[in-house]
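Just follow the structure's listing: the first ligand is 1, and inside any ligand the first atom is 1. Sequential numbering from 1 along the given sequence is applied to the chain's residues.
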Amino acid sequence: MKMLINGEWRDSVSGKMFAVHNPATGDVVGEAPLGGEDDVRSAVQAAGEAFGDWSAKSPRDRAKVLFFAAAEVRRRNTDLAALLTAEQGKPIREAVDEINGFANILEYYHALSAGERGEFMNLRGYGRTTVLRRPLGICGAIVPWNMPAIIMAWKIGPALTAGNTVILKPARTAPLTCIKLVEILGEAGLPPGVLNIVTGPGETVGREIARNPDVRKVSFTGEVGTGRQVALDAAPALKRLTLELGGSDPMIVCDDADIPIAVEGVIRGRFYNCGQVCTAVKRLYVYESIADEFIRRLTARVEAIEVGNGMDRGVTMGPLNNAAGLERVVGQVDAARDGNEGEIVTGGQAPLGEAYERGLFFLPTLITGVPHDSVLFAEEVFGPVLPIATVKGLDEALDLANNSRYGLGASVWTHSADVIARATEELQAGIVWVNQHLKIPPEVPFGGTKASGIGRENGSRALEEYMEEKAVLIRL
Ligand code: NAD
């Protein structure tokens with residue numbers, strides 16, 4: 001595959017390519033150009049030239065292209081989902097959902113475009129005032145590998161609808177689906193230069209996007225450390241930033257919770273996408289009065305998860321996406337094991353057998369009795385491993401839940417109105433669920449507090465994140 005710059009499919013300036021591997025088999029799925037700083041500069045130039053005409057169109061005309069693209073994406077879901085599973089590893093059903101999610105998000109921005117009219121105020125003594133909203137210019141969209149299609153849509157949807165032009169940088173281990181989606185957006189009518197995609201390493205392509213003074217905003221999703229580097233690189237040009245960073249979401253299961261439903265909540269919340277979701281359940285706090293029953297049922301359910309190649313029928317959890325991620329999860333589990341931090345009740349290792357030898361597999365893992373200062377609670381565990389601790393009641397649960405540098409999502413499982421009122425008020429998070437975890441519809445603002453990030457994506461005000469306001473006071 002190639003990169004799209006100024007409407008042309010190109011190789012990189014270096015002429016080099018990098019291979020993308022299937023994490024279930026190790027086979028090569030495809031290749032993408034190894035872009036560098038010069039490729040980003042060409043894309044910035046193209047995006048700058050395209051900005052005038054694109055920003056002059058009405059929001060509705062711009063969003064129409066997204067709407068047409070969404071229809072085509074839905075039509076080609078089967079092929080796109082297969083490509084996503086091949087490069088990312090997730091079960092095909094999850095890939096189908098993600099591709100549909102991409103289309104949902106573009107359609108949402110199409111709907112939102114109709115309401116984009118600026119503001120009018122009639123202020124006594126100051127005259128008639130209008131607030132014009134203008135696009136920012138060239139925006140950078142830096143995307144991780146865990147949910148590449150959804151996160152791409154969260155960024156390009158509002159950026160393009162608001163009238164900006166974009167340089168998109170996918171992650172090295174999952175760029176191919178993003179390239180295909182860019183191709184479909186081009187076919188749907190995006191003019192040359194409006195959306196450019198540059199593939200390659202974060203240290204060159206990503207950093208040039210963050211540094212380049214002509215890029216007026218960077219929307220980045222990835223790890224906390226990388227986000228901090230992006231902020232430092234973007235600081236000299238004082239550009240706008242949206243940083244969607246890591247999470248270590250707590251899930252609190254109270255003594256009145258519906259246990260079977262909460263068990264299913266963990267299965268989806270922790271093991272969806274092999275645990276590689278920013279808002280996955282990463283710490284479980286269960287009331288001690290129900291802990292034995294809860295853990296017994298949960299263990300049985302976890303042991304029924306079918307691990308394997310995401311393309312195979314019946315598989316409900318695929319491999320991890322990349323070797324570095326697997327190594328990190330293994331290191332975290334080993335550190336807990338070596339430090340006697342809790343008991344591994346199931347999993348804790350790679351599955352055995354020929355079918356797993358070439359892939360990046362790890363069994364779904366539950367660890368009970370984990371001390372509160374364990375690495376498993378302190379660090380983000382980006383894989384299928386769940387540390388569990390028991391709590392006496394809500395005070396202790398909320399204290400522990402909030403005792404984290406992260407603040408992305410959190411959930412509480414109860415039917416008590418008092419508990420819901422307190423937990424939703426006190427949990428330090430950008431999103432709080434009650435009796436569910438993980439779902440993020442495009443209508444709700446999404447983002448983190450504390451080290452989990454700055455700014456919000458989605459929601460009715462998402463376009464404003466990609467616009468600048470200009471107040472005009474008219475006295476006649
Ligand atoms: P990562 O930080 O390694 O990489 C993310 C992207 O940034 C990739 O495209 C990468 O190539 C690029 N990059 C790397 N170094 C860069 C640099 N110096 N400058 C600019 N770009 C650079 O993250 P990852 O491993 O791909 O993703 C997993 C992380 O993302 C987890 O921590 C997860 O919690 C987080 N995440 C957060 C959200 C959210 O919305 N808050 C959503 C999904 C994932």
Take every heavy atom of Glu380, measure it against each atom of ligand 1, and state whether any distance is under 4.0 Å. yes
Per-atom filter on ligand 1: closer than 4.0 angstrom to a heavy atom of Glu223 are 1 (P), 2 (O), 23 (O), 25 (O), 29 (C), 30 (O), 32 (O)
Within the structure, does Lys169 bring an N/O atom to less than 3.5 angstrom of an N/O atom in ligand 1? yes
re atom 35 (C) of ligand 1, the protein heavy-atom contact at minimum distance is Gly222 O, 3.3 Å
What distance separates Arg62 CZ from Asn164 CG, expressed to the nearest 0.5 Å? 8.0 Å
Between the side chains of Lys155 and Thr221, does any donor sit under 3.5 Å from an acceptor? yes
Atoms of ligand 1 under 4.0 Å from any heavy atom of Asn146, numbered from 1 in the order shown, are 43 (C), 44 (C)
List the closest protein heavy-atom neighbour of atom 12 (C) of ligand 1: residue, atom name, distance to the nearest 0.1 Å. Ile142 CG2, 3.7 Å
Proximity of Val230 to ligand 1 by residue part, where a heavy atom lies under 4.0 Å: side chain
Of all the heavy-atom pairs spanning Gly193 and Ala50, show the shortest one and how long it is. C-CB, 3.6 Å
Heavy-atom nearest option to atom 28 (C) of ligand 1, drawn from Tyr406, Phe220, Phe382: Phe382
Under 4.0 Å from one or more heavy atoms of Gln229, ligand 1 contributes atoms 18 (N)
Could you tell me whether Phe67 atom CZ has more than 12 heavy atoms of other residues or ligands within 6.0 Å of it? no
How about CD on Glu327, more than 12 heavy atoms from neighbouring residues, nucleotides or ligands closer than 6.0 Å, or not? no
Identity and separation of the nearest protein heavy atom to atom 13 (N) of ligand 1: Gly202 CA, 3.4 Å
Among Val224, Thr226, Thr173, the residue with a heavy atom nearest to atom 14 (C) of ligand 1 is Thr226
If you measure from each non-hydrogen atom of Val205 to ligand 1, which part falls under 4.0 Å: side chain, backbone, both or neither? neither
Below 4.0 angstrom from a heavy atom of Leu408, which ligand 1 atoms are there? Numbered from 1 as shown, please. 41 (N)
Proximity of Trp154 and Phe220 rings by center, below 6.0 Å: no
Sub-4.0 Å atoms of ligand 1 with respect to non-hydrogen atoms of Pro170: 9 (O)
Between Asn146 and Asn321: side-chain donor-acceptor atoms closer than 3.5 Å: no
Just jot down the ligand 1 atoms closer than 4.0 angstrom to any heavy atom of Pro144, in number order. 24 (P), 26 (O), 27 (O)
Would you kindly say whether His437 and Asp249 are connected by a side-chain donor-acceptor distance under 3.5 Å? yes
Please report the closest heavy-atom contact between Phe446 and Cys278, naming both atoms and the distance. CZ-SG, 4.2 Å
List every atom of ligand 1 that sits less than 4.0 Å from any heavy atom of Ile151, numbering the atoms from 1 in the order shown and giving each element. 42 (C), 43 (C)
Modelled atom types, side-chain donor and acceptor of Lys169 and Thr199, under 3.5 Å: no
Near Val143 (heavy-atom distance under 4.0 Å), the atoms of ligand 1 are 6 (C), 8 (C), 9 (O)
Heavy-atom contact check, 4.0 Å cutoff: does Met147 meet ligand 1? no
Relative to ligand 1, is Thr221 under 4.0 angstrom through side chain, backbone, both or neither, heavy atoms considered? both
Suppose we measure from atom 18 (N) of ligand 1 to each protein heavy atom; which comes out shortest, and what is that distance? Arg207 CG, 3.3 Å
Heavy atom under 4.0 Å from ligand 1: found in Leu245's side chain, backbone, both, or neither? backbone
In this structure, CG of Leu326 is separated from SG of Cys274 (nearest 0.5 Å) by 8.5 Å
Indicate whether atom 4 (O) of ligand 1 is within a distance of less than 4.0 angstrom of some protein heavy atom. no
Taking atom 21 (N) of ligand 1 as the reference point, the nearest protein heavy atom with its distance: Gly206 CA, 3.5 Å
For atom 36 (N) of ligand 1, tell me which residue out of Gly140, Pro148, Cys278, Gly227 has the closest non-hydrogen atom. Cys278
Under a heavy-atom criterion of less than 4.0 Å, does Gly447 contact ligand 1? no
Examine the side chains of Glu457 and Ser219 and answer whether a donor and an acceptor come within less than 3.5 Å of each other. yes
Shortest protein contact, atom 24 (P) of ligand 1 (heavy atom only): Trp145 NE1, 3.3 Å
Output the distance between atom CD (Glu8) and atom CE (Met3), rounded to the nearest 0.5 Å. 11.0 Å
Val277, portion touching ligand 1 at heavy-atom distance under 4.0 Å: neither
To the nearest 0.5 Å, tell me how far Glu72 CD sits from Ile184 CD1. 6.0 Å
Using 4.0 Å as the upper bound for N to carboxylate O, is an ion pair formed by Asp27 and Arg358? yes
Once you restrict to heavy atoms under 4.0 Å, what part of Ala210 touches ligand 1? Side chain, backbone, both or neither. neither
If you measure every N or O of Glu203 against every N or O of ligand 1, does any of those distances drop under 3.5 Å? no
Distance-minimising heavy-atom pair for Arg283 and Ser404: NH2-CB, 3.5 Å
With a heavy-atom distance limit of 4.0 Å, tell me whether Glu244 approaches ligand 1 through its side chain, its backbone, both, or neither. both
What's the separation between atom OH in Tyr109 and atom CG in Leu66, rounded to the nearest 0.5 Å? 10.5 Å
